[in-house]
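Read the numbers this way: they start at 1 and go in the same order the structure lists the ligands and their atoms. Residue indices begin at 1 and follow the sequence shown.
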Amino acid sequence: MQLHDPYDNNNIFAQILRGESPSTRVYEDDMTLAFMDIMPVTPGHVLVIPKSPATNLLYLDPEYARAMITTTQIVGRAVQKAIEAPGFAIVQLNAAAAGQTVFHIHTHIIPRFHGLELQIHSRVRADNDELESIARKIRAQL
Ligand code: 5GP
């Protein structure tokens with residue numbers, strides 16, 4: 001592990017946090033933000049990020065790590081109810097070698113169904129109205 005976090009302030013999630021790029025938000029508190037993944041693996045795929053600059057888990061302040069997990073729990077419960085999914089996966093990738101593509105730490109909340117294989121990424125960009133309609137259902141369960 002490098003001692004110095006090579007965090008890039010211009011990554012897309014930093015821009016979303018600053019409100020410079022749009023996102024479909026479902027939950028926010030002082031330490032975290034949750035919003036719809038723009039290329040969902042399944043409907044209801046949400047990302048949770050801490051409001052602290054950290055490239056990956058190794059660089060994240062433990063207070064923010066706790067907050068990120070608490071929010072993942074709150075939003076995960078709402079996603080499961082909103083999507084009527086029997087389960088959900090929490091995925092968190094650290095470094096490019098692990099498949100990480102956006103270098104601001106985040107957890108994926110991915111609804112899971114019996115018999116449907118787990119994929120972590122999709123390349124299909126969701127329709128904004130569709131994302132908003134699912135986000136509305138999730139917000140209603142919070
Ligand atoms: P990673 O590969 O880093 O674990 O996951 C990054 C995730 O961010 C991917 O699932 C990708 O679809 C999502 N993503 C990439 N760019 C954007 C964006 O601009 N907005 C949103 N909402 N999600 C994004």
How far is [atom] from its nearest protein heavy atom, and which residue and atom is that?
atom: atom 19 (O) of ligand 1; answer: I12 CG1, 3.3 Å
atom: atom 11 (C) of ligand 1; answer: D37 OD1, 3.4 Å
atom: atom 22 (N) of ligand 1; answer: M36 O, 2.9 Å
atom: atom 15 (C) of ligand 1; answer: V102 CG2, 4.0 Å
atom: atom 5 (O) of ligand 1; answer: H106 NE2, 3.1 Å
atom: atom 2 (O) of ligand 1; answer: H121 NE2, 2.5 Å
atom: atom 3 (O) of ligand 1; answer: T101 N, 2.8 Å

Handout entry: Check: Y59 ring centre within less than 6.0 Å of F103 ring centre
Key =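 Distance test on ring centres: not under 6.0 Å, no.
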
Problem - Heavy-atom donor-acceptor pair, R112 side chain to L116 backbone, under 3.5 Å - result: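 Confirmed, R112 side chain pairs with L116 backbone.
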
Practice task
Report yes if the side chains of T55 and H104 come closer than 4.5 Å at any heavy-atom pair, otherwise no.
Solution key: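 No; the side chains remain at least 4.5 Å from each other.
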
Taking the non-hydrogen atoms of [X], is any one of them nearer than 4.0 angstrom to ligand 1?
X: F13; value: yes
X: H108; value: yes
X: G99; value: yes

Practice task
Mind listing the closest non-hydrogen atom pair of L60 and I105 along with its distance?
Solution key: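 Heavy atoms only, the tightest pair is CD2-CD1, 3.9 Å.
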
Exercise for the section: Locate the shortest heavy-atom distance separating I74 from L142; write the atom from each residue and the value. Expected result: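 Closest pair (atom of I74, atom of L142, distance): CG2-CD2, 3.7 Å.
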
Problem - Exceeds 12 heavy-atom contacts within 6.0 angstrom, atom CD of E20 - result: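 Correct, the count exceeds 12.
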
Exercise for the section: Hey, can you tell me if H45 and H108 have their rings parallel, tilted or perpendicular (30° and 60° cut-offs)? Expected result: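 It falls in the tilted class, 30° to 60°.
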
Exercise for the section: Please answer: with hydrophobic residues joined when any side-chain heavy atoms are less than 4.5 Å apart, are V79 and I90 in the same cluster? Expected result: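 Both belong to a single hydrophobic cluster.
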
Problem - Any side-chain donor near an acceptor of the partner, Y27 and D29, under 3.5 Å - result: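 D29 and Y27 do have a side-chain donor-acceptor pair below 3.5 Å.
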
Handout entry: Atoms in ligand 1 with a heavy atom of Q100 nearer than 4.0 Å
Key =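 Answer, ordered by atom number: 2 (O), 3 (O).
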
With a 4.0 Å heavy-atom cut-off (strictly under), which part of [X] contacts ligand 1: side chain, backbone, both or neither?
X: I38; value: both
X: L47; value: side chain
X: F35; value: side chain

